[in-house]
2 protein chains.
Amino acid sequence: MRPTVHDIAAAAGVSLATVDRVLNQRPGVRHVTREKVENAIRDLGYVRDVAAANLAKGRVYPLTFILPASDNSFMHGLNAEIRAAVARSATERTDIHIVEVPAFDSQALVRELETVAAEKPAGVALVATDAPDVRAAVDRLVHDGIPVVTLVSDLTGSLRHHYAGVDNIAAGRTAARLLGRFLGGAKGELAILAGSMLVRDHRERLEGFASVMAQEFPALHLTPVLEGRDDPEVAHMLIADALARNDGIIGIYSLGAGNRGLIRALKEKAVDRPLTVIAHELTAHTRAALLDGTIDAILNQDAGHEVRSAIRVLKAKADGLAVIDAQERIRLDIFLKDNLP
Amino acid sequence: MRPTVHDIAAAAGVSLATVDRVLNQRPGVRHVTREKVENAIRDLGYVRDVAAANLAKGRVYPLTFILPASDNSFMHGLNAEIRAAVARSATERTDIHIVEVPAFDSQALVRELETVAAEKPAGVALVATDAPDVRAAVDRLVHDGIPVVTLVSDLTGSLRHHYAGVDNIAAGRTAARLLGRFLGGAKGELAILAGSMLVRDHRERLEGFASVMAQEFPALHLTPVLEGRDDPEVAHMLIADALARNDGIIGIYSLGAGNRGLIRALKEKAVDRPLTVIAHELTAHTRAALLDGTIDAILNQDAGHEVRSAIRVLKAKADGLAVIDAQERIRLDIFLKDNLP
DNA sequence: CCAAATCTGATGTACGTAAATCAAAAAATG
DNA sequence: CATTTTTTGATTTACGTACATCAGATTTGG
């Protein structure tokens, strides 16, 4: 049987109340006494029964998710996953709030972070916009003792406790190698469609992609990045235009959202020549395109895993508990038409 | 606030004791009364607080894992992950036992299943050997009300509640497409290294591989399967021999274990000609080979996820709770040298 | 050394559920 | 209708922890 507070009290030769004071860092315990208790805790290998503690406290974890108000499939999916978590909140003792802020607007995000901080939640998850003032606002939250995890897009250099998202440099590198290998030594040009170079995850993907391409596939030449603003219409226009004007394009890497437009442009051009295409994020559109051969591979991050992981980590941090690192690593999914879920 | 048993009692106009009888299916409740209570439960949306219930019951989940006594990296890893779960058992209220049975020995497995059944555990996870008597033994366990999940290798047609492992047909298909695309339309022969065609997961991988190859890459010809018995020495011998005798081999699919031998054979032959190689299971050896270019891609199943998932599912089934399907789907990891964890 | 401040113990209640006991009520049986 | 059987209620204890209160002990400071 695992030891309880009673065992600790007995072993340390103190009362239950004193053990409680030590455990919950309440004042009124002399240094020597505190040490006796801490030794007993260590010796007996006591671990607090979190379930019982939560029951006694009637604890719920008020968590806030801050998302950009972007109108694309991925963000919709992320939102849906958070709402699914809300539906589970009764059994998970969470009380989740979702707030949306204008996309790419660091000031709005900072304001929201300050509003949220005032509510003293048990944890905050945010899709970070990469800016110094956001970093500062996040650091302030952390200083106030509020656990913070970044979601999907990280905020390196900040004090956030955890990042629930994929390694985007690795994603870009992987895309490059897949594309390079699929093209099998052919010589030609590559088009790159991004959302915006202002977003960190897109920049990182491009960085990884370009670096592997330069090192290992010198026969492939990268044309200037097309910024589609994650908008299907813009993406369509850019890709159609690029394909019309440049005969040498044999491959495309779409590292952002708005793939609906990309796919439409590809279908219109279908007869012309074979293109090898790699895109990000599995949605209804990209899935269909993968199955019909318009897209050759999809790199994906599982929004459901990211959300569940963020919640687990926030709860653990709020309780000062350890997390299973391997479990919280968000993996880069590579989908071919054969291994779709 | 979520409703409690007290609220149910009040709403149904019965006493706490009666609610308890209904909830825990104890006898002594008239049909009409039972219905009143059940209606109240439904109306108020009552969900039992599992944490409180477990606390009151002092419940622990005695779980048994049955593994084949195979001496390869993957099984060692699986074992290690289960032991890691044992280390967490205090906080997870589990009491996990690991038993090993001779590999590929269905009778031994059946005997063990019967021994285990007698101990009435809260759940059983097993790496299934695909045989009718095993199926029958598993079905008996299920009939006795013991939750069963298959691990790594499934037992289709049995009544097992869940399979914690990858879709091996999809894995084989994925390997085929990767290999086909990497070879970029070249014409030649492929060597296939398996452990044993008696194991279901290996058969399924081959089946998926062969089917995609036949349909989509007719220029690639499959040579007869080499059965390496998951033994590095045997694998080395077989591959070295095949490469020496067949000049036309341009690619290899290793769908089982014993990759240490394969890698050695490949390094010895390195100068001869470039080979495209895809292997299963990420281990120290395959990882090194992927990084140095000996292997081009690794397909992997995350043993840690499989174990944690199996435990979650067994506990949920034991409590009659729902599982989050998406969370329990074991994904096929595809590793290139760029996205290694 | 006394008073004040600080520390410690003893005790009780609470959280939501499980499980047991015993009494009381209702229903079924003859 | 009386008796037996079944069903229901009331109440209590327990699980492991949190938290509050109050009395008593010990340590400080003057």
Side-chain angles (χ1 to χ4, degrees), chain A residues 1-38 40-41 44-61 89-93 95 122 315 318-321, chain B residues 1-41 44-61 89-93 95 122 318-321:
Chain A
M1 275 285 89
R2 53 189 287 209
T4 73
V5 276
H6 294 86
D7 302 322
I8 303 300
V14 302
S15 79
L16 222 72
T18 303
V19 174
D20 182 68
R21 286 175 187 123
V22 172
L23 277 176
N24 296 293
Q25 19 219 13
R26 266 185 273 277
V29 183
R30 238 187 328 163
H31 189 66
V32 280
T33 315
R34 164 160 279 125
E35 288 211 321
K36 270 198 297 182
V37 174
E38 277 163 354
I41 289 176
L44 298 191
Y46 169 82
V47 270
R48 166 205 255 112
D49 183 328
V50 185
N54 284 345
L55 176 61
K57 276 194 284 212
R59 189 178 196 356
V60 289
Y61 300 82
S89 49
T91 48
E92 297 181 349
R93 303 189 108 84
D95 176 21
K315 288 173 72 173
D319 291 335
L321 297 177
Chain B
M1 273 287 90
R2 53 191 287 211
T4 73
V5 276
H6 294 87
D7 303 322
I8 303 300
V14 301
S15 78
L16 220 70
T18 302
V19 174
D20 182 68
R21 288 178 186 120
V22 172
L23 278 176
N24 297 292
Q25 18 218 15
R26 268 185 271 277
V29 182
R30 238 189 327 165
H31 188 66
V32 280
T33 316
R34 164 161 278 126
E35 288 209 321
K36 271 198 296 182
V37 174
E38 277 163 354
N39 286 337
I41 288 176
L44 298 191
Y46 170 82
V47 270
R48 166 204 256 112
D49 184 329
V50 186
N54 284 345
L55 177 60
K57 276 194 283 210
R59 188 175 195 358
V60 289
Y61 300 83
S89 49
T91 48
E92 298 182 349
R93 293 183 177 281
D95 176 20
D319 290 336
L321 297 177

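Below, each value reflects all heavy atoms present in this structure, side chains not excepted, and no hydrogens, waters or symmetry copies. Letters go in sequence order (proteins before strands), and every chain restarts at 1.
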Asks: What are the two closest heavy atoms between B/Glu92 and B/Tyr61, and how far apart are they?
Replies: O-CD1, 4.4 Å
Asks: I'd like to know if the side chain of B/Asn24 reaches the main chain of B/Asp20, judged simply by a donor and an acceptor atom lying under 3.5 Å from each other, with no hydrogens or angles considered.
Replies: yes
Asks: To the nearest 0.5 Å, how far apart are CD in A/Glu35 and OG1 in A/Thr33?
Replies: 9.5 Å
Asks: Less than 4.5 Å apart, side chain to side chain, heavy atoms only: is that true for B/Ile8 and B/Leu44?
Replies: yes
Asks: Quick one: does any side-chain atom of B/Asn39 pair with a main-chain N or O of B/Lys36 as donor and acceptor, under 3.5 Å?
Replies: no
Asks: With a 3.5 Å distance limit and no angle check, can you tell me whether A/Asp7 reaches the backbone of A/Thr4 through a side-chain donor-acceptor pair?
Replies: yes
Asks: Need two values: the first and the last nucleotide of DNA chain C, 5' to 3', having an atom under 4.0 Å from any heavy-atom of chain B.
Replies: C/dG16 to C/dA27
Asks: Are side-chain heavy atoms of B/Asp49 and B/Arg2 found at a separation under 4.5 Å?
Replies: yes
Asks: Expected output is a numbered-order residue list: members of residues 13-29 of chain B with a heavy atom under 4.0 Å from any atom of DNA chain D. What is it?
Replies: B/Gly13, B/Val14, B/Ser15, B/Ala17, B/Thr18, B/Arg21, B/Gly28, B/Val29
Asks: Counting only non-hydrogen atoms, which of residues 48-57 of chain A are less than 4.0 Å from DNA chain D?
Replies: A/Arg48, A/Asp49, A/Ala52, A/Ala53, A/Ala56, A/Lys57
Asks: Say whether, by atom type as modelled, one donor and one acceptor occur between the side chain of A/Arg93 and the main chain of A/Arg59 under 3.5 angstrom.
Replies: yes
Asks: Would you mind reading off the distance between A/Arg34 atom CZ and D/dT27 atom C1', rounded to a whole angstrom?
Replies: 17 Å
Asks: Indicate yes or no: at least one non-hydrogen side-chain atom of B/Ile41 is less than 4.5 angstrom from one of B/Leu23.
Replies: yes
Asks: Quick check with a 6.0 Å cut-off and a 45 degree axis cone: is B/Arg48 positioned over the face of B/Tyr46's six-membered ring?
Replies: no
Asks: Mapping B/Arg30 and A/His6 onto DNA chain D by nearest heavy atom, which one lands closer to the 5' end?
Replies: B/Arg30
